[in-house]
Amino acid sequence: MTNLTGKQIVLGVTGGIAAYKAAELTRLLRNAGASVRVAMTRAATAFVSPLTFQALSGNPVHTELLDTEEESAMGHISLARWADLVLIAPATADFIARLRIGLGDDLLSTVCLATRASIAVAPAMNQAMWDNPATQENVRCLSDRGVRILGPAEGDQACGEVGLGRLLEPQRICDELESFFGDGALAGLSVLISAGPTREPIDPVRYISNRSSGKMGYALAEAAARAGAKVSLVTGPTALKAPRVNEVSWVESAAEMYRCIMSKVPSADIYIGAAAVADYSPETAADRKIKKDQLEMVLTLRKTQDILSAVSALPKRPFTVGFAAETDDLENYARQKLVAKSLDMVAANWVGRDEGGFENDDNALFVCWNGGDTYLPLASKKTIAEQLIHLIAERYHAQNSAKDSR
Ligand code: CTP
């Protein structure tokens with residue numbers, strides 16, 4: 001099961017070289033469980049044959065507005081009503097302009113006019129065309145009207161230029177739609193997540209840090225957004241691309257992360273401390289680069305403020321989830337942390353083993369809360385994040401309905 005299972009998607013293909021990628025997109029959407037009906041503009045049929053889409057979607061392809069045979073099978077109004085979502089991929093600059101002014105001079109534009117479903121647009125065009133103020137204004141206007149704009153991506157273009165204007169990769173489009181159709185386990189809730197390492201400055205060029213990659217925290221942020229939450233991510237320095245969530249704040253040191261989290265936590269329903277916050281920081285950071293003129297050097301480190309404990313000690317605290325990384329006796333340490341930091345849940349992973357932990361793409365977790373625990377066996381961080389978010393949603397709702405019934 002995915003969020004796309006059973007969803008009905010009209011895939012509009014317009015006339016650009018990226019039209020061939022819509023074939024792969026059709027396959028991915030169907031694999032994810034969606035039903036797909038393809039509507040092509042006349043120009044698109046010059047790039048890819050409708051027969052390709054017919055074979056891949058398992059449905060007849062729609063091309064003509066005034067073809068009586070097509071209209072009697074499933075006309076533009078029925079197609080517009082059938083759709084849970086109309087996705088235009090690739091969308092040319094011309095089609096975006098027509099969508100903006102509301103033309104209905106071919107089948108696809110008419111479906112867009114007639115549908116009450118959401119519309120998503122994945123632009124693909126030459127980078128100068130994308131940059132053109134007319135296109136930019138059209139895109140902004142569509143976005144203001146609630147049309148979701150997916151991409152474009154940056155890179156080599158068919159015309160030989162390099163820049164912004166490539167169609168997002170089909171898998172990425174599919175992921176975006178999955179989040180669009182999120183199951184709503186956290187709908188209406190605000191989730192604050194910390195991720196990545198912190199850097200504790202020694203002098204202007206040196207710092208102490210750790211091996212956290214931020215992958216787990218970022219995957220949790222995306223999974224929470226897919227579950228319908230309003231997500232604010234506070235992240236230390238990572239090499240990762242910012243996830244598509246409501247707000248991303250970049251910080252460096254544990255002290256900065258503390259200030260940032262404490263300023264945002266009053267509006268959070270759930271706090272997930274996935275960051276590997278430095279436990280100690282140099283007592284003072286030199287304001288000039290330290291020269292290597294001494295044989296020995298002593299650094300005095302001072303304990304940082306524990307953000308997680310500060311959050312859980314608030315009088316009006318959010319549902320608070322902490323992480324633990326242990327090399328041994330994982331379950332015991334995790335349960336101790338639950339009590340010591342008075343948390344609602346602890347997610348613990350092994351470090352120094354093959355399975356999961358820092359820098360890895362996979363992870364396995366032992367999760368405990370007051371009155372229960374479970375194992376989430378080794379899987380990709382995306383899958384583990386999905387499972388943990390659902391567990392958090394379950395416990396959050398259980399706790400709140402218990403409070404309500406008191
Ligand atoms: N944490 C925090 N602020 C700190 C240090 C840690 O909020 N200054 C949070 C982390 O985000 C994580 C959890 O606390 O959720 C980790 O707990 P911690 O006690 O730091 O674990 P360890 O570093 O494993 O500590 P110990 O070895 O002492 O158990």
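When a ligand or atom number is given, it counts from 1 through the structure's own listing order. None of these values were measured; they are calculated from a predicted model.
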Just do the side-chain contact (heavy atoms from CB on, under 4.5 Å) check on Ile9 and Leu177 with the steps written out, would you?
-> CA-CA 10 Å; Ile9 297 175; Leu177 298 194; 4.2 Å; yes
closest protein heavy atom to atom 29 (O) of ligand 1 is Lys337 NZ, 3.0 Å
Please identify which atoms of ligand 1 are closer than 4.0 Å to at least one heavy atom of Ala325.
-> 24 (O)
Any side-chain donor near an acceptor of the partner, Thr135 and Asn132, under 3.5 Å | no
Note: ligand 1 atoms sitting under 4.0 Å from heavy atoms of Gly322 are 15 (O)
Indicate yes or no for a side-chain donor-acceptor contact from Thr14 to the backbone of Thr92 under 3.5 Å, with no hydrogens or angles considered.
-> yes
Heavy-atom closest contact (Arg100 atom, Cys141 atom, distance) | NE-SG, 3.5 Å
For Gln305, the ligand 1 atoms with a heavy-atom partner under 4.0 Å come out as 3 (N), 4 (C), 8 (N)
Do any N or O atoms from the side chain of Asp373 and from the backbone of Cys368 form a donor-acceptor pair under 3.5 angstrom?
-> no
In terms of residue, atom name and distance, what is the protein heavy atom nearest to atom 16 (C) of ligand 1?
-> Phe323 O, 3.0 Å
Identify the two heavy atoms, one from Ile389 and one from Ile272, that lie closest to each other, and give their separation to 0.1 Å.
-> CD1-CD1, 4.0 Å
Value rounded to 0.5 Å, distance of OH in Tyr396 from CD1 in Ile270 | 6.0 Å
Examine the side chains of Thr235 and Tyr218 and answer whether a donor and an acceptor come within less than 3.5 Å of each other.
-> yes
Could you list which atoms of ligand 1 come closer than 4.0 Å to a heavy atom of Thr304?
-> 8 (N)
Take every heavy atom of Lys303, measure it against each atom of ligand 1, and state whether any distance is under 4.0 Å.
-> no
Rounded to the nearest 0.5 Å, what separation is found between the CG atom of Asn126 and the CD1 atom of Ile17?
-> 13.0 Å
Can you check whether a protein heavy atom sits less than 4.0 angstrom from atom 27 (O) of ligand 1?
-> no
Distance-only N or O hit between ligand 1 and Ala324, under 3.5 Å = no
Regarding Gln171 and Asp175, is there a side-chain donor-to-acceptor distance under 3.5 Å anywhere?
-> yes
For Ala275 and ligand 1, answer yes if some heavy atom of the residue is under 4.0 Å from a ligand atom, otherwise no.
-> yes
Can you figure out which of Val346, Ile307, Thr327 has its heavy atom closest to atom 2 (C) of ligand 1?
-> Ile307
Nearest protein heavy-atom contact for atom 15 (O) of ligand 1: which residue, which atom, what distance?
-> Gly273 O, 2.6 Å
Identify, for atom 20 (O) of ligand 1, the protein heavy atom at the shortest distance, and state residue, atom and that distance.
-> Asp279 OD1, 3.3 Å
Lys341 N/O under 3.5 Å from ligand 1 N/O = yes
Does an N or O from Leu308, backbone or side chain, lie closer than 3.5 Å to an N or O of ligand 1?
-> yes
